[in-house]
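Written below as structure tokens is the structure these notes are about.
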Amino acid sequence: MALRQWRSFCDVNPGTFFPRCYMFSEQNEKQAFIDDFNMTAACGILKWVLRSNGKSLQDDVISSQKEKKTVPEDIIVKALVACQLYLYYSTHEDEYDLICSRIINWEQFIDDYYQVMHHGAHIRNSDKYVDYCHQLLCKLRRVNPQLDIDGEKNIWILKPRNSSRGRGIHCRNDLKEICSFGNEWVVQKYIERPLLVYGTKIDLRQHFLITDWCPLTIWFYKHSFIRFSSQPFTLKSLDTAIHVCNNSIQRNLKNAPNRHPNLPEENMWHSDEFKEYLCTIGKEQVWDSIIIPGMKKALIQTMKATQENAMYKKNSFDLFGADFMFGENFQPWLLEINLKPDIIKDTSVMEKLVPPMVEDIVRVVIDYKDDPNCDLGGFELIYKQF
């Protein structure tokens, strides 16, 4: 909510680093989510047409025993209309959702969408629309920075408010089921096309300090850690064991027997190990050119957006843990920020990372006041407000 308000008086678009998020407790947020779900479904149909390359019926042999279910081609026409209207009204002040709801029967559209995405139905004559879909998706990409990470399945992650460590999280892709959750839930778009390491989902925990909220002063820690799922990545199952990497959840699960042998048994890497992996795939430059700058940008803009609401005592400090995922192009996406994050030394990676970080916190909080030129260890001052 604060990030959307922040956009109203600055040039930063939170959609470039923060997946779309809705708080059901806020007025009009549930309807905004429904509108988003419908639009994401429309884009998903266009993507399906491209992925199928218009050959969905020709390439499949339909056996006499079990005929493939099909959906009329008007689902593509409706998706094209919805996307075209969205593209137009994204640069105009008119009410897109109101106009679109008068043209499209969304309930029927979503039912047909489920047949395609959930049950494997094909769309008749989809080959006729390949060029139209491609052209429109290219135009949508210019106004929707999250188009590529959305995928086709319309998966959303539901989190209970004021919870942590992955507790109570669900992944869902059914509109009615998601809307049945109460006001205490937050709904965030799931990144369906994430960066995978050896076929497994990862996320990154990044620590940072705030030593003053006025002027806002942010310190970024140069070391971090990567968390792995214990199961290979797939969108065919929405099991949290696959999609939620929190160590508090994964430590209680058994690693899948078919996992890649190079994956860590503890499901955690130090950032140095992740950088070594990037070197093995020929992407060593992305750490300094994409990942680090992207994370710093996200943290600075998020903290600036929440600054007015911070409860702060002078001569104190706050340690935060920010969770990031990466798109297939290595762009970092901020999922959430945790105050007073868990720094228990329960893995070999945490044993390596935590003690020096605690020492460096002391350097920043105490030593730096008396000597601005002192050794700050792994912390870097990335923002100070003037």
Side-chain angles (χ1 to χ4, degrees), residues 17-24 33 40 146 149-151 153-174 177-178 180-182 184-207 224-260 263-269 271 274 295 298 320-328 331-344 346-347 349-350:
F17 60 82
F18 186 67
R20 307 185 302 284
C21 191
Y22 300 92
M23 299 174 63
F24 280 179
F33 160 71
T40 303
Q146 299 187 20
I149 64 171
D150 275 351
K153 302 293 187 180
N154 224 339
I155 300 172
W156 296 74
I157 191 162
L158 293 100
K159 309 175 185 180
R161 295 185 65 182
N162 302 318
S163 185
S164 61
R165 300 184 183 179
R167 290 171 292 194
I169 286 180
H170 302 276
C171 289
R172 296 289 185 268
N173 61 356
D174 183 277
E177 186 177 1
I178 295 173
S180 69
F181 283 74
E184 69 276 10
W185 291 84
V186 176
V187 183
Q188 185 177 52
K189 185 64 188 72
Y190 184 72
I191 297 175
E192 297 182 28
R193 296 180 59 184
L195 175 68
L196 302 179
V197 173
Y198 299 122
T200 303
K201 180 185 172 182
I202 64 169
D203 68 15
L204 180 147
R205 167 61 61 86
Q206 176 64 54
H207 294 101
S224 53
F225 62 90
I226 303 290
R227 301 180 295 195
F228 291 81
S229 168
S230 58
Q231 313 299 313
F233 182 78
T234 178
L235 294 179
K236 294 180 179 179
S237 169
L238 299 184
D239 193 333
T240 54
I242 300 169
H243 301 289
V244 180
C245 296
N246 298 62
N247 190 44
S248 57
I249 291 178
Q250 295 296 334
R251 70 160 67 104
N252 298 315
L253 301 173
K254 290 185 178 180
N255 292 336
N258 59 333
R259 290 197 343 152
H260 194 283
L263 290 169
E265 188 68 24
E266 294 180 317
N267 291 317
M268 192 176 289
W269 268 353
S271 53
F274 182 52
M295 291 196 297
F320 294 91
D323 293 337
F324 287 91
M325 278 182 63
F326 306 102
E328 294 173 331
Q331 178 185 343
W333 292 91
L334 176 61
L335 304 181
E336 63 182 25
I337 295 177
N338 301 276
L339 175 62
K340 297 180 175 63
D342 181 5
I343 54 172
I344 296 175
D346 57 350
T347 68
V349 173
M350 295 300 283

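Keep in mind that this is a model prediction, so the values were computed, not measured.
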Task: Inter-residue atom distance I155.CD1 - R172.CZ, 0.5 Å rounding - done: 11.5 Å
Task: Heavy-atom pair of closest approach, residues T240 and I169 - done: CG2-O, 3.3 Å
Task: Counterpart residues, side chain to side chain contact (heavy atoms under 4.5 Å, CB included), relative to I149 (two or more places apart) - done: Q146, I191, W333
Task: Min side-chain heavy-atom separation N173-Y190 under 4.5 Å - done: no
Task: Partners meeting side-chain hydrogen bond (donor to acceptor under 3.5 Å, both in side chains) with W269 (sequence neighbours left out) - done: none
Task: Distance in Å, F324 CZ paired with L195 CG, rounded so as to fall on 0.5 Å steps - done: 14.5 Å
Open item on the list: What I want to find out is whether E192 reaches K153 closely enough, with some N-O distance under 4.0 Å, to be called a salt bridge.
Closed with: no
Task: All side chain to side chain contact (heavy atoms under 4.5 Å, CB included) counterparts of Q188, not counting sequence neighbours - done: F18, P19, C21, I157, K159, L335
Task: Expected output: side-chain S271 to main-chain S224 donor-acceptor under 3.5 Å - done: yes
Task: Donor-acceptor pair, side chain of Q250 and main chain of S230, under 3.5 angstrom - done: yes
Task: Polar side-chain atom of K201 near backbone of L196 as donor-acceptor pair, under 3.5 Å - done: no
Open item on the list: Check the orientation of F225 and H207. Use parallel for under 30°, tilted for 30 to 60°, and perpendicular for over 60°.
Closed with: tilted
Open item on the list: Side chains of W185 and I178, heavy atoms from C-beta outward: is any pair under 4.5 Å?
Closed with: no
TODO: Return yes if some donor-acceptor pair links the side-chain N/O of H243 with the main-chain N/O of S237 below 3.5 Å, else return no.
DONE: yes
TODO: Please say whether more than 12 non-hydrogen atoms of neighbouring residues, nucleotides or ligands are located less than 6.0 Å from CD in E265.
DONE: no
TODO: Check whether any side-chain N or O of Q231 sits under 3.5 Å from a backbone N or O of K254 as a donor-acceptor pair, and report yes or no.
DONE: yes
Open item on the list: Rounded at 0.5 Å granularity, tell me how far CD in E266 sits from CE in M350.
Closed with: 11.0 Å
TODO: Could you point out which residue of N267, D346, T347 forms a side chain to side chain donor-acceptor pair (under 3.5 Å) with N247?
DONE: D346
Task: Interatomic distance, F326 atom CZ to F274 atom CZ [nearest 0.5 angstrom] - done: 5.0 Å
Open item on the list: I need the full list of salt bridge (Lys or Arg N to Asp or Glu O under 4.0 Å) pairs touching residues 226-236, with sequence neighbours left out, sorted by first then second residue.
Closed with: D203-R227, R227-D323
TODO: Using modelled atom types only, decide if a donor and an acceptor are shared between the side chain of D342 and the backbone of I344 within a distance under 3.5 Å.
DONE: yes
TODO: Quick one: pull up CD1 in I242 and OG1 in T234 and give me the separation to the nearest 0.5 Å.
DONE: 6.0 Å
Open item on the list: Tell me if a side-chain donor or acceptor on D174 pairs with a main-chain N or O of E177 at a distance below 3.5 Å.
Closed with: yes
Open item on the list: So, using side chain to side chain contact (heavy atoms under 4.5 Å, CB included) as the criterion, who are the partners of N252 when residues are at least two apart?
Closed with: none
Open item on the list: Tell me whether D150 is salt-bridged to R20, with the criterion being a basic N under 4.0 Å from an acidic carboxylate O.
Closed with: yes
- [ ] Quick one: pull up CE in M295 and CZ in F17 and give me the separation to the nearest 0.5 Å.
- [x] 14.0 Å
Task: Closest non-hydrogen atom pair, P160 against G168 - done: CD-O, 3.6 Å
- [ ] Work out which heavy atom in N338 is nearest to a heavy atom in R205; give both atom names and the distance.
- [x] ND2-NH2, 3.3 Å
- [ ] Only counting residues at least two apart or in another chain, list the ones meeting side chain to side chain contact (heavy atoms under 4.5 Å, CB included) with T200.
- [x] F228, S229, L263
